[in-house]
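Report on one structure; see the data block that follows.
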Amino acid sequence: MVERYVISIDQGTLSTRCILFDQQGRLVSVAQREHEQYYAKPGWAEHDPTEIWSHLRRTVVPRALEGAGVGPDRITAIGIANQRETTVVWDRRTGVPVCHAITWQDTRTSGYVERLRRTTGDDFFLERCGLSPTTYFSAPRLRWLFDHVEGLRARAERGEVLFGTMESWLIWNLTGGPDGGLHLTDATNASRTMLMNIRTLTWDDELLAYFDVPRAMLPEIRPSAECYGMARAPLPDVPICAALGDQQAALFGQTCFACGEAKCTYGTGSFLLLNTGTELVRSRHGLLTTVGYQIGDEPAVYALEGPIAVTGSLVQWFRDRLGLIHSAPEIETLARGVEDNGGCYIVPAFSGLFAPHWRSDARGVIVGLTSYITRGHLARAVLEATGWQTREVVDAMNADSPRPLRQLKVDGGMTSNNLLMQFLADVLDMPVVRPMVSETVSLGAAYAAGLVSGYWPDLEGLRRNWHRAAQWMPTMDPARREAEYENWRRAVERSLGWARP
């Protein structure tokens, strides 16, 4: 029998990658290409959608197929995972974006968001979409575009321009673009726009009216795992069977299918998701209520999410801006050269703080600098910042959820840092587990697509593919842990108070 594969497209913040997986969930071939980051003004962060599509079509997919020595005829299904909230608006007739994509990291809408919170408050939005107004989500960006791109809203009303997050942009192009391309999104990505009703999984009339967004420009909302249609070049006649926001894809790839199971992905930022089952849990402690995934006609599975804006990017800052290391892995060696942080704490609020604080006016601080502090202490403080931010989110989750978290599954590039993983286990006081396949975002998109296409039989079959690679158990003295956590919270208070009048 000729072996067939599932192909996963992971369109991320820094790059786009394509991975082929076999029936055991093993990585067969991978190709990846970075794209340009645009920072035109302070707080702005943009991508060129045309560049991303060109890289996928001309380079990433062909190289992944070439690496496996197969053609598109050996691919069973396509699954797509994507950076969420990043906003693309393009011309329906030509396929040309009206401007660069505004990414999830962009904070240009902070003034507008603050006015929303003062005048309308959080409850109006929480009741409908499960989200509080922040610069993180798509709807404020759409409103900004309407206010700053002449004639855009009128074109949107006439149906001349389309809106979508990155999976919508890719699916539209993969299925023909101006020549009959499908304009759709899935429930996980739609749940990040502030425009979808979190209960009905449909565009909400009151939210559309509030943000003044024409329905004609919006994609159709579909389940996360469903056969959407056939791709054309570069994967002709291969069905597109799944689309999930990257963090929901990681939840699926970590096989967190049961209520109470959680994962945290450690990349540029970090994102902790807790499966709450078919029950919609409204957070009272600074978390987001989001759709975890929806398979076909089955009820949606919900999740609580705690996004952390800066984790891996803090290591990049330490390397590129301060020049204290030459490569990211060096930070672990440097940090191991000291016994502790020397009383130094870094709160990396480069663009404010996400969960559980949601303060765009917070600013980064370094607390406890003395003449005793060395590069090693700073390196340790950089790593520990990720651990303490995770602790804050886990505390909020335990306060919101009737089932306290007992174990944390982890994935992403930072999980190769064993010192950080041990610190996580210590500050969370629970086992931290890393799977054999670290590319869980891509794997989750592949799993969802393969489930629909029949490549994998059911969720239990996917669970059997999951294998533990490493586990860290807590070893820190509880009194020391809580004392250091109190020091961290004091540092956060300084960060939150930095911008106050």
Side-chain angles (χ1 to χ4, degrees), residues 2-37 47-83 86 88 95 97 101 103 166-177 181 228-244 246 249-250 253 265 267-268 312 327-328 411-413 416 436-450 453 455:
V2 174
E3 185 157 15
R4 296 173 67 80
Y5 307 98
V6 173
I7 197 166
S8 176
I9 296 168
D10 177 6
Q11 200 298 295
T13 305
L14 300 178
S15 68
T16 303
R17 74 179 68 188
C18 185
I19 301 180
L20 273 67
F21 291 97
D22 67 13
Q23 209 144 20
Q24 285 70 50
R26 295 176 302 204
L27 189 155
V28 175
S29 174
V30 60
Q32 181 172 352
R33 185 163 179 182
E34 293 185 356
H35 50 264
E36 190 77 23
Q37 307 292 314
H47 295 155
D48 180 353
T50 304
E51 177 193 11
I52 290 171
W53 165 237
S54 177
H55 286 174
L56 179 71
R57 180 169 57 91
R58 297 179 179 179
T59 306
V60 182
V61 169
R63 286 181 181 173
L65 294 174
E66 182 182 353
V70 301
D73 60 307
R74 298 272 295 278
I75 305 301
T76 298
I78 303 166
I80 298 174
N82 59 284
Q83 55 167 320
T86 293
V88 190
T103 80
M166 291 306 298
E167 85 296 339
S168 296
W169 167 248
L170 293 183
I171 290 171
W172 188 79
N173 280 288
L174 282 167
T175 55
Y228 305 134
M230 295 295 182
R232 301 188 191 179
L235 291 164
D237 300 319
V238 181
I240 303 172
C241 293
L244 300 98
D246 52 10
T265 300
T268 305
S327 66
D411 54 78
S416 63
M436 290 289 293
V437 178
S438 61
E439 303 294 344
T440 55
V441 170
S442 297
L443 182 60
Y447 274 170
S453 65
Y455 190 71

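What you see is a predicted model; the values in this text were computed from it and never measured. Residue numbers start at 1 and run along the sequence shown. Only heavy atoms go into these numbers, but all of them, side chains included; no hydrogens, no water, no symmetry mates.
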Sequence neighbours excluded, which residues qualify as side chain to side chain donor-acceptor pair (under 3.5 Å) partners of T440?
-> D411
No-hydrogen, no-angle side-chain donor-acceptor test under 3.5 Å, H47 and Q37 | yes
Donor-acceptor contact below 3.5 Å, side chain Q23 vs main chain Y455 = yes
Backbone N/O of E36 and side chain of E51: donor-acceptor pair under 3.5 Å = yes
Between side-chain atoms of residues 441-449 and protein atoms elsewhere (two or more places apart, or another chain), which donor-acceptor pairs fall under 3.5 Å?
none

In short, T13 meets H35 closest at the heavy-atom pair O-NE2, 2.9 Å
Do the non-hydrogen side-chain atoms of I7 and C18 ever get within less than 4.5 Å of each other?
-> yes
Minimal heavy-atom distance between T50 and W169, with the atoms involved, is N-CZ2, 4.1 Å
So, for I78 and A231, which heavy atoms are closest and what is the spacing to 0.1 Å?
-> CD1-CB, 3.8 Å
Please report the shortest heavy-atom distance between M166 and I52, naming the atom on each side.
-> CE-CD1, 3.8 Å
Smallest separation among heavy atoms of G12 and Q83, with atom names | O-NE2, 3.4 Å
Find out whether T16 and H55 are in side-chain contact, i.e. whether some heavy atom of one side chain is under 4.5 Å from a heavy atom of the other.
-> no
So, does W53 use its side chain to make a donor-acceptor pair with the main chain of N173 at under 3.5 Å?
-> no
Return each pair, listed once, that meets side-chain hydrogen bond (donor to acceptor under 3.5 Å, both in side chains) where at least one residue sits in residues 65-79; pairs must be two or more places apart or across chains.
-> R4-T76
